Every structure is written in C-alpha cells, then in structure tokens.
Amino acid sequence: MADHVHRITLFKLPKPEDVDTMIEQYKTLEATSQKDGKPYLLSVVIGKPEADPRAQGYTLAAKTEFASAEDMKYYDEECAAHQKLKGVAKTLQVEGILSVFFKPTLVGGISQ
C-alpha cells in the first residue's frame, strides 16, 4: 500500500442533484473501469462532506487508489469509464475541482 498512488478529488457542485449525478457516475466508473480487459482501480471511495466550515464549499469527495503512477496516467488519458465521468461532469454546474495525489510516507492506524 505504501507504494500505491492515492488521489483525492474534491468537487464544488452547488446543486444537490448534480452531486447525486456524480455519485452515480462514480458507481458506474467503479463497476466498468478496465485496463487490458481487467479491473485496475484498487479502491474507489466517494462521499458527501459533512456540513462544516472546513469543507470550504466542496460538496463531493472522491478517493481513488492506483497500483502505480502509470495506472493513474491511464485513468486520466485513456480509461473509457473515466472519460465518460468527465464528460458528464462537463454538463453540470461545477464551481471548482481540486485534485491531489500522493504516495504515502506513513501508513498506520488500528486497521493496519
């Protein structure tokens, strides 16, 4: 897990129905994304942030995990399921997107 690439994407979608649309798109993405004919996303976690000032207006959080930077590049540039998700997002009222990725320098906690 320490060598995996973790990516966090936050969306500012002011319309609740747009948030629900994106959640459905991520469900489809999780079920249909493939590389070389096989599923390749190690983890997909989606949720609505709790009402809290620290959320800074972001209304949807997505965390994806990849085995390698190459897999993340494939996701961005070639994955048909991700291209479909991005196409739907372009039709919605999106006021902001923030995306970061990293390789962990620490993995801990009681679930480890």
Side-chain angles (χ1 to χ4, degrees):
M1 180 187 222
D3 60 339
H4 295 169
V5 177
H6 297 257
R7 175 167 155 162
I8 300 166
T9 303
L10 303 173
F11 297 89
K12 286 185 182 178
L13 300 156
K15 295 181 182 177
E17 60 269 24
D18 288 351
V19 174
D20 293 339
T21 296
M22 285 301 290
I23 289 171
E24 290 305 312
Q25 287 303 305
Y26 269 102
K27 287 179 183 177
T28 300
L29 172 96
E30 193 278 327
T32 62
S33 58
Q34 293 194 352
K35 181 180 177 188
D36 301 326
K38 297 181 282 189
Y40 72 101
L41 295 176
L42 300 180
S43 173
V44 178
V45 180
I46 307 301
K48 297 177 186 179
E50 297 297 323
D52 185 287
R54 293 172 287 189
Q56 297 184 27
Y58 288 98
T59 56
L60 184 64
K63 182 186 173 295
T64 45
E65 182 179 351
F66 305 90
S68 65
E70 177 186 290
D71 279 358
M72 189 178 71
K73 182 177 179 181
Y74 173 84
Y75 178 76
D76 281 333
E77 297 176 2
E78 299 179 51
C79 178
H82 188 225
Q83 297 305 314
K84 182 180 176 195
L85 181 145
K86 291 192 297 187
V88 170
K90 288 179 183 178
T91 70
L92 305 176
Q93 182 182 345
V94 179
E95 293 182 351
I97 299 175
L98 172 67
S99 189
V100 297
F101 62 93
F102 62 95
K103 288 187 178 183
T105 53
L106 171 70
V107 177
I110 62 171
S111 69
Q112 301 307 313

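What you are looking at is a predicted structure, and each value in this text was computed from that prediction instead of being measured. In what follows, residues are counted from 1 in the order of the sequence shown.
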For residues [X] and [Y], report the shortest heavy-atom separation together with the two atoms involved.
X     : Y     : value
Met22 : Leu85 : CE-CD2, 3.7 Å
Gln34 : Pro39 : CG-N, 4.2 Å
Cys79 : Ser33 : SG-CB, 3.9 Å
Val5  : Ser68 : CG2-C, 3.7 Å

[X] side chain near [Y] side chain, heavy-atom distance below 4.5 Å:
X     : Y     : result
Leu10 : Leu60 : no
Ser43 : Val45 : yes
Ile23 : Lys48 : yes
Glu77 : Lys73 : yes

Flag the pair [X] and [Y] as a salt bridge only when some basic side-chain nitrogen lies within less than 4.0 angstrom of an acidic carboxylate oxygen.
X     : Y     : answer
Asp52 : Arg54 : yes
Asp76 : Arg7  : yes
Glu30 : Lys27 : no

Q: Show your working on side-chain contact (heavy atoms from CB on, under 4.5 Å) between Met72 and Phe101 and close with a plain yes or no.
A: CA-CA 9 Å; Met72 189 178 71; Phe101 62 93; 3.5 Å; yes
Is the count of non-hydrogen atoms from other residues, nucleotides or ligands lying under 6.0 Å from [X] atom [atom1] greater than 12?
X     : atom1 : value
Lys35 : NZ    : yes
Glu17 : CD    : yes
Glu70 : CD    : no

Q) side-chain contact (heavy atoms from CB on, under 4.5 Å) between Glu65 and Leu41: does it pass, once the steps are laid out? A) CA-CA 6 Å; Glu65 182 179 351; Leu41 295 176; over 6 Å; no
Run the side-chain donor-acceptor check on residues 89-100: report pairs under 3.5 Å with partners two or more places apart or on a different chain.
from, atom 1, to, atom 2, distance (Å)
Thr91, OG1, Val88, O, 2.6
Gln93, NE2, Glu95, OE2, 3.3
Ser99, OG, Thr9, OG1, 3.1

Q: Evaluate the criterion side-chain contact (heavy atoms from CB on, under 4.5 Å) for residue pair Thr21 and Lys15; output intermediate values, then yes/no.
A: CA-CA 10 Å; Thr21 296; Lys15 295 181 182 177; over 6 Å; no
Q | Pairing residues for Gln56 by the side chain to side chain donor-acceptor pair (under 3.5 Å) criterion, not counting sequence neighbours | A |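 Partners of Gln56 under the side chain to side chain donor-acceptor pair (under 3.5 Å) test: none.
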Q) Do Ile46 and Tyr58 belong together in a cluster built from hydrophobic side chains that touch within less than 4.5 Å? A)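 Unlinked, Ile46 and Tyr58 end up in two clusters.
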Q) Hey, any chance Leu29 and Leu42 share a hydrophobic cluster, counting ILVMFWY side chains that come within less than 4.5 Å of each other, even indirectly? A)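 Cluster IDs for Leu29 and Leu42 differ.
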Q: Please list all pairs passing the ring pair (Phe, Tyr, Trp, His ring centres under 6.0 Å) test where one or both residues lie in residues 8-50, with sequence neighbours left out.
A: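 For residues 8-50: Tyr40-Tyr74.
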Q: State the NE2-OG1 distance between His82 and Thr28, to the nearest 0.5 angstrom.
A: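 Here the interatomic distance stands at 13.0 Å.
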Q: Determine whether the side chains of Lys103 and His4 contain a donor N or O and an acceptor N or O closer than 3.5 Å.
A: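 No donor-acceptor contact under 3.5 Å links the two side chains.
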